[in-house]
Trainee: 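Submitted below is the structure of interest, expressed as structure tokens.
To find a chain, count down the sequence lines: A is the first, B the second, and so on, and within it residues start at 1.
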There are 2 protein chains.
Amino acid sequence: MGVRTISSEEIRPDQPSAANAVADHLARMILNTMSPGALLPSEAELAERYEVSRLTIREAVKLLAGRGLVELARGRRAMVREPDGSAFADFLTSVLHNDSKGLFDLVEVRMSLEVQSATLAAKRASRAGIAAIESALQGMRDAESAQDEGAEDRFHNFDVGFHEAIALASGNRVLGYLFEAMAAPLRQGIQISRRGHAGRGHTLADTIAAHERILDAIREGNARKAGDAMRFHLKDTESDIRTALSSFAGNPV
Amino acid sequence: MGVRTISSEEIRPDQPSAANAVADHLARMILNTMSPGALLPSEAELAERYEVSRLTIREAVKLLAGRGLVELARGRRAMVREPDGSAFADFLTSVLHNDSKGLFDLVEVRMSLEVQSATLAAKRASRAGIAAIESALQGMRDAESAQDEGAEDRFHNFDVGFHEAIALASGNRVLGYLFEAMAAPLRQGIQISRRGHAGRGHTLADTIAAHERILDAIREGNARKAGDAMRFHLKDTESDIRTALSSFAGNPV
DNA sequence: TATTCAAAAGGTATCAGATAAGTTTGGGAG
DNA sequence: CTCCCAAACTTATCTGATACCTTTTGAATA
């Protein structure tokens with residue numbers, strides 16, 4: 001390569017394009033003054049307001065849509081979206097897809113965050129928060145005793161809901177977002193890995209019992225016990241996942 | 001208002017627009033077959049390939065840019081970006097901005113993740129990983145003994161670099177991404193809170209000593225000790241942050 | 001021959017004007 | 001009062017041009 005003599009390439013103009021400027025301005029406006037569900041002004045009006053063409057407005061709005069700030073639909077004005085972890089979920093999914101090492105990493109981090117969620121939930125959960133956890137658990141019980149097709153899917157959904165309810169009951173919004181962000185790639189990764197690898201090491205009843213221990217600890221307000229119960233449960237789950245995943249180790253797609 | 005009689009509004013068509021379809025297809029192509037730094041085909045060529053107008057291509061690419069998948073610059077073709085946590089960082093920044101409760105949440109989660117990082121780093125750090133941590137620490141020492149203006153900024157940067165190096169040394173990519181994602185909003189939030197609240201509870205030398213204890217434990221490969229040292233350090237830092245933040249409690253901008 | 005610099009070529013950014021197609025709304029028919 | 005349809009509104013996409021930025025090329029110069 002040789003020695004770098006000049007250093008004028010250091011400048012990153014950060015694209016001061018009109019569309020970008022408008023997008024940034026709109027983003028600030030949305031975050032500061034608008035609530036989820038609110039509608040942006042029409043493209044024509046924005047074009048007039050910013051004194052640019054409608055095309056520039058469109059591109060700016062597309063930028064925001066890519067960032068997950070607004071939702072677009074033909075014939076309707078752009079709507080401000082409820083913030084959620086989906087942007088990061090997309091990111092994780094794309095970075096980790098067909099990469100079993102990445103999924104191990106995800107499982108590892110999830111363990112830590114969920115233990116923290118359970119610990120905090122035991123300390124802080126409101127009556128409503130506990131009710132939500134109970135409700136998810138009851139859903140699992142119902143799905144277990146049901147025999148119809150789709151019962152297992154329902155079981156899994158309530159399972160995820162149980163964990164999500166705990167994340168929410170922690171009272172820590174960041175934990176909620178992170179849970180959401182990790183749930184999608186995890187589920188997808190696990191689903192992929194399970195193909196042709198049906199057996200689970202545990203019965204549904206075992207899973208329910210483990211969840212009951214967690215819920216009881218949270219109900220008691222026993223933070224340490226809740227964290228331990230969650231850790232124990234996830235350790236178990238983790239090994240299931242690992243065996244499922246390992247059939248793909250070094251087998252990217 | 002009145003009672004909802006019909007229920008055909010439940011359908012979310014997920015915008016199967018041309019621009020969206022192209023964006024999704026491009027995203028898959030990028031993730032599956034392209035590396036960071038690679039250049040997308042020109043807009044004209046893509047327009048031809050997908051049989052849509054150049055405008056539609058532009059909007060699709062803007063969507064990808066918003067998602068952080070590509071980087072745009074005038075006169076140059078779109079470039080595939082190195083994946084990083086910046087999308088989630090933006091999200092967190094926007095959700096938590098001017099909200100001290102959110103920053104508390106962030107600090108809380110960070111504690112948990114960094115303790116895990118230190119624990120894992122002690123178990124797995126490579127020679128190079130440890131060298132990176134050492135280098136950051138040395139930077140802190142240099143900055144502390146320097147007297148020039150800007151030394152304190154340098155110190156803080158190396159401080160962040162130290163923690164980042166540990167997250168990377170954990171060998172868990174998800175931890176790396178999350179660290180990145182949380183660093184920006186945290187720093188920003190803290191900076192804001194510090195305005196007019198100069199005093200820190202600890203000297204730079206104290207901070208260095210705490211970091212040395214962490215590094216030593218990682219070098220020894222003592223996972224528990226590393227985690228504890230990190231927890232202890234962050235508990236300290238946390239209380240600094242809390243006092244800084246509390247001046248803003250219930251004071252959203 | 002090697003260096004330099006300016007023009008050409010290749011690209012993106014933005015504009016203007018139109019058409020197609022989906023959504024919402026308000027009035028009229030039953 | 002309810003239901004349906006057309007007008008008004010709005011977004012999605014197309015076409016064709018112009019402006020401006022980057023990279024490359026090629027010729028003039030030292």
Trainee: Whole Å only: how far is the CZ atom of B:Arg74 from the C1' atom of D:dC20?
Mentor: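 To the nearest whole Å, that distance equals 5 Å.
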Trainee: When the distance from CZ of B:Arg76 to P of D:dT24 is rounded to whole Å, what number comes out?
Mentor: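 In whole Å, D:dT24 P lies 11 Å from B:Arg76 CZ.
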Trainee: Applying salt bridge (Lys or Arg N to Asp or Glu O under 4.0 Å) as the test, list every pair that has at least one member in residues 29-43 of chain B; sequence neighbours left out.
Mentor: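 Residue pairs passing salt bridge (Lys or Arg N to Asp or Glu O under 4.0 Å), neighbours aside: B:Glu43-B:Arg54, B:Glu43-B:Arg58.
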Trainee: NZ of A:Lys62 versus P of C:dT14: gap in Å, rounded?
Mentor: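 Atom-to-atom, A:Lys62 to C:dT14, this comes out as 15 Å.
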Trainee: Residues two or more places apart in sequence or in another chain: which of them pass ring-ring contact (aromatic ring centres under 6.0 Å, His included) with B:Phe179?
Mentor: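 ring-ring contact (aromatic ring centres under 6.0 Å, His included) check on B:Phe179 returns nothing, list empty.
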Trainee: Which residues pass the salt bridge (Lys or Arg N to Asp or Glu O under 4.0 Å) test with A:Asp84, not counting sequence neighbours?
Mentor: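 Partners of A:Asp84 by the salt bridge (Lys or Arg N to Asp or Glu O under 4.0 Å) criterion, ordered by chain and then number, come out as A:Arg81.
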Trainee: Output the single nucleotide from C:dT24, C:dT14, D:dT13 whose closest atom is nearest the side chain of B:Ser17.
Mentor: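 That would be D:dT13.
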Trainee: Without decimals, in angstroms, what is the distance between A:Leu40 CG and D:dT11 C1'?
Mentor: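 The answer, rounded to whole Å, is 13 Å.
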Trainee: Can you tell me how far C1' of C:dA9 sits from CZ of B:Arg77, to the nearest Å?
Mentor: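 Going from CZ in B:Arg77 over to C1' in C:dA9 covers 13 Å.
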Trainee: Heavy atom of residues 41-60 of chain A under 4.0 Å from DNA chain D: which residues?
Mentor: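 Here the set is A:Ser42, A:Glu43, A:Arg54, A:Arg58.
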Trainee: Is A:Asp148 salt-bridged to A:Arg154, going by a charged N under 4.0 Å from an acidic O?
Mentor: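 So A:Asp148 pairs with A:Arg154 through a salt bridge.
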Trainee: Find the distance B:Glu71:CD to C:dT12:C1' and express it as a whole number of Å.
Mentor: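 B:Glu71 atom CD is separated from C:dT12 atom C1' by 15 Å.
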Trainee: If the condition is ring-ring contact (aromatic ring centres under 6.0 Å, His included), which residues does B:Phe162 pass it with, not counting sequence neighbours?
Mentor: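 Partners of B:Phe162 under the ring-ring contact (aromatic ring centres under 6.0 Å, His included) test: B:His211.
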Trainee: Which residue pairs satisfy the salt bridge (Lys or Arg N to Asp or Glu O under 4.0 Å) criterion with at least one member in residues 162-174 of chain A, sequence neighbours excluded?
Mentor: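 Salt bridge (Lys or Arg N to Asp or Glu O under 4.0 Å) check on residues 162-174 of chain A returns A:Arg173-B:Asp99.
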Trainee: Rounded to the Å, how far apart are B:Leu72 CG and C:dT12 P?
Mentor: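 Nearest whole value for this atom pair: 9 Å.
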